[in-house]
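Below, chains carry the letters A, B, ... as their sequence lines are ordered, and counting in each starts from 1.
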There are 2 protein chains.
Amino acid sequence: MFSKTCEYAIRAMIYVAQQSKLDRRVSVKEVAEGIASPEYFTAKILQNLSRNNLLSSAKGPGGGFFLDKQGLKAPLAEIVRIIDGDDIFTGCGLGLAQCSEIQPCPIHHEFKQIRKGIISMLEKTKVGAFTEENSVHTLFLKR
Amino acid sequence: MFSKTCEYAIRAMIYVAQQSKLDRRVSVKEVAEGIASPEYFTAKILQNLSRNNLLSSAKGPGGGFFLDKQGLKAPLAEIVRIIDGDDIFTGCGLGLAQCSEIQPCPIHHEFKQIRKGIISMLEKTKVGAFTEENSVHTLFLKR
DNA sequence: AAAATAAAGGACAATGTTGTCTTTTATTCA
DNA sequence: TGAATAAAAGACAACATTGTCCTTTATTTT
Ligand code: SF4
Ligand code: SF4
């Protein structure tokens, strides 16, 4: 569904969100340990997210990554869009060619509904949503 | 959603299905031209599908690939399973860890529904379904 | 000011996916 | 039987994704 990079990005954002709710800033190292991802690769991803303003960061002692109130409201869709582009939002999953609504293939209607579901799920779910009942949700960031 | 290889596989199967309905066997070359895919790569894919009995093939003059009545009834799901494995059928799209129904993440319910939709779409759509109203559907195999 | 901390950035390596070419095997037809 | 046809199989090349390491820049603390 999503690239590995994107999966890490989502998990990382959730982890940072959880820690931000506790007013903690976290280092790359901590994030990588927290979500069981390769440290340096995770660094790249966090940099990317930060550059794209999905995440705040601060250098130096006491620094690290964090999410402000705005950041917690970012939908998962934004992360996906930045990391994987918007193929999943626009393209046809089957990889068939440009086909119109007027001459759709046998699965077009169903496929459209599914895509709509994915988009709606990603748009309406904010990273902050994963911070309630903290102890429970920390668990499944590692795999 | 699917790998490029898998997209080619689906398009190729549809193309072969269409030609089989006209009692034609088709060569790799014809398939590749028919779906605008790289010829030798397509050969590998067709071999793979053939090895896995999703497709019949015959060597020598007058040979080529074709689908018998059984083959036309194969669901798209089978193609996906063979080429991409069953990640899409079983895994969690977000790449989060093993999480139970009892302690689901905020999007679990919605995600489950979506996955169910994808599976149902792929299972109930047979390759043969793309052979009706032939002229229309041939169009969008090229992209 | 110097040392320590931590992100940013650049360069590179490993792996996986996609794409190409050549040789071998099976079948048909003359 | 020999020539032609077409898939099967093996080897390899190009490219993309994923993963690692090292240097630089900004910030804080002493
Ligand atoms: S008609 Fe819709 S589902 Fe079918 S190939 Fe086109 S975009 Fe995809
Ligand atoms: S609870 Fe469901 S949707 Fe959430 S991470 Fe687990 S499998 Fe995925």
What does Val31(B) touch in the nucleic acid at a heavy-atom separation under 4.0 angstrom: a base, only the sugar-phosphate, or nothing? nothing
Quick one, Gln19(A) with Glu30(A), criterion side chain to side chain contact (heavy atoms under 4.5 Å, CB included). Give me CA distance, side-chain angles, the key distance, then yes/no. CA-CA 10 Å; Gln19(A) 298 304 315; Glu30(A) 192 188 332; 4.1 Å; yes
Could you state the CZ-P distance from Phe2(A) to dT18(D), rounded to the nearest angstrom? 13 Å
Starting at the 5' end of DNA chain C and moving along, which residue's nearest nucleotide shows up first, Pro38(B) or Pro61(B)? Pro38(B)
Whole-Å distance between dT17(D) P and Ile83(A) CD1? 12 Å
Between Arg81(B) and Glu123(B), does any side-chain N to carboxylate O distance fall below 4.0 Å? yes
Glu30(A) atom CD is separated from dA7(C) atom C1', nearest whole Å, by 15 Å
Lys/Arg N to Asp/Glu carboxylate O, Glu7(A) vs Lys4(A), below 4.0 Å: no
Smallest heavy-atom separation, Val16(A) atom then Phe66(A) atom, equals CG1-CA, 3.6 Å
Give a yes or no on whether a donor-acceptor pair under 3.5 Å exists between the nucleobase atoms of dT18(D), that is its base, and the side chain of Lys4(A). no
Is the shortest side-chain N/O distance from Ser57(A) to OP1 or OP2 of dA6(C) below 4.0 Å? no
For DNA chain C, the residues among residues 42-54 of chain B that have a non-hydrogen atom under 4.0 Å from it: Lys44(B)
Between dA6(D) (C1') and Gln19(B) (CD): distance, integer Å: 17 Å
As a test of reading the structure: which of dT18(D), dA7(C), dT27(C) is closest to the side chain of Phe41(A), going by heavy atoms? dT18(D)
More 5' along DNA chain C: Val26(A) or Ser3(B), using each one's nearest nucleotide? Val26(A)
Side-chain N or O of Tyr40(A) less than 4.0 angstrom from OP1 or OP2 on dC22(D)? no
First of Glu39(A) and Lys59(A) reached from the 5' end of DNA chain D, by closest nucleotide: Glu39(A)
Does Thr5(A) put a side-chain nitrogen or oxygen below 4.0 Å from OP1 or OP2 of dT18(D)? yes
Separation of Asp87(B) atom CG from dG16(C) atom P, in whole Å? 14 Å
Between P on dT18(D) and OH on Tyr8(A), what's the gap in Å once rounded to a whole number? 9 Å
Name the one of Ile79(B), Ile10(B), Leu54(B), Leu55(B) that satisfies side-chain contact (heavy atoms from CB on, under 4.5 Å) with Val127(B)? Ile79(B)
Rounding to an integer number of Å, can you tell me how far Leu55(A) CG sits from dA6(C) P? 16 Å
Can you name the nearest heavy-atom pair linking Ala12(A) to Val31(A), along with the distance? CB-CG1, 3.9 Å
Where is the tightest heavy-atom contact between Thr42(B) and Ala32(B), given as atom of each residue plus distance? OG1-CB, 4.2 Å
Between dG16(C) atom C1' and Asp84(B) atom CG, what is the distance in whole Å? 13 Å
